[in-house]
Amino acid sequence: MNQSKLSLEQQFSIHSFATQVQHMSHEQAQDFLVKLYEQMVVREATYQELLKHQWGIDSGSAMA
C-alpha cells in the first residue's frame with residue numbers, strides 16, 4: 001500500500017501495529033491473523049448487504 005496517501009495518524013497507527021506484532025509469538029501472530037481475516041470477511045459481507053439495500057437490490061425487494 002502506498003503510505004504517502006495515508007494521513008499521518010494512519011501511518012502512525014500502522015507503525016504502532018507493526019511494533020505490537022513484532023512482539024508476538026509465532027502462535028499469537030497466527031491466531032491474530034485468523035481473527036483479523038474473519039473480521040475482514042464479516043466487514044466485506046456487511047458492506048455488500050448495505051450496498052444491496054442502498055441500491056434496492058436486496059433479496060426482500062427482488063422483482064419477478
Side-chain angles (χ1 to χ4, degrees):
M1 175 177 269
N2 187 353
Q3 289 193 355
S4 65
K5 294 183 180 182
L6 299 176
S7 71
L8 193 57
E9 182 180 357
Q10 290 168 322
Q11 291 178 37
F12 176 78
S13 178
I14 291 170
H15 179 74
S16 176
F17 178 79
T19 301
Q20 290 175 355
V21 171
Q22 287 175 353
H23 292 95
M24 289 182 183
S25 70
H26 184 75
E27 185 177 322
Q28 287 173 321
Q30 287 179 324
D31 290 342
F32 182 78
L33 281 172
V34 170
K35 290 175 184 172
L36 183 62
Y37 185 74
E38 181 182 355
Q39 288 178 357
M40 289 170 50
V41 170
V42 169
R43 180 184 296 177
E44 182 179 352
T46 301
Y47 287 158
Q48 288 175 351
E49 288 302 312
L50 288 171
L51 286 173
K52 285 179 186 179
H53 179 72
Q54 183 67 29
W55 294 341
I57 56 174
D58 52 342
S59 58
S61 65
M63 292 186 189

request  = Please name the pair of heavy atoms, one in Gln28 and one in His23, separated by the smallest distance, quoted to 0.1 Å.
outcome  =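 Smallest heavy-atom distance, with atoms named: OE1-O, 4.4 Å.
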State whether a side-chain donor-acceptor pair under 3.5 Å links Gln10 with Ser13.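 Side-chain D/A pair, Gln10 to Ser13: absent.
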ask   = Going through the distances and angles, do Lys52 and Glu49 end up as a salt bridge (charged side-chain N to carboxylate O under 4.0 Å, His left out)?
value = CA-CA 5 Å; Lys52 285 179 186 179; Glu49 288 302 312; 3.7 Å; yes
message: For the NE2 atom of His15 and the CD atom of Gln20, what is their distance to the nearest 0.5 Å?
response: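 Interatomic distance, His15 NE2 to Gln20 CD, rounded to 0.5 Å: 11.0 Å.
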Going from CG on Asp31 to NE2 on His26, what distance comes out if it is rounded to the nearest 0.5 angstrom?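 Here the rounded value is 10.0 Å.
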### Message
I'd like to know if the side chain of Ser16 and the backbone of Phe12 have a donor-acceptor N/O pair within less than 3.5 Å.
### Response
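A pair under 3.5 Å: no.
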### Task
Please confirm whether the backbone N or O of Glu27 pairs with a side-chain atom of Gln30, one donor and one acceptor, at under 3.5 Å?
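Between the backbone of Glu27 and the side chain of Gln30 there is no qualifying donor-acceptor contact (under 3.5 Å).
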*asked:* Test of understanding: clusters of I, L, V, M, F, W, Y form through side-chain heavy atoms closer than 4.5 Å, transitively. Do Leu36 and Val41 belong to the same one?
replied: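 Different clusters.
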- Task: Identify whether Met24 and Phe17 are in the same connected component of the hydrophobic contact network (ILVMFWY, side-chain heavy atoms under 4.5 Å).
- Result: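 Yes.
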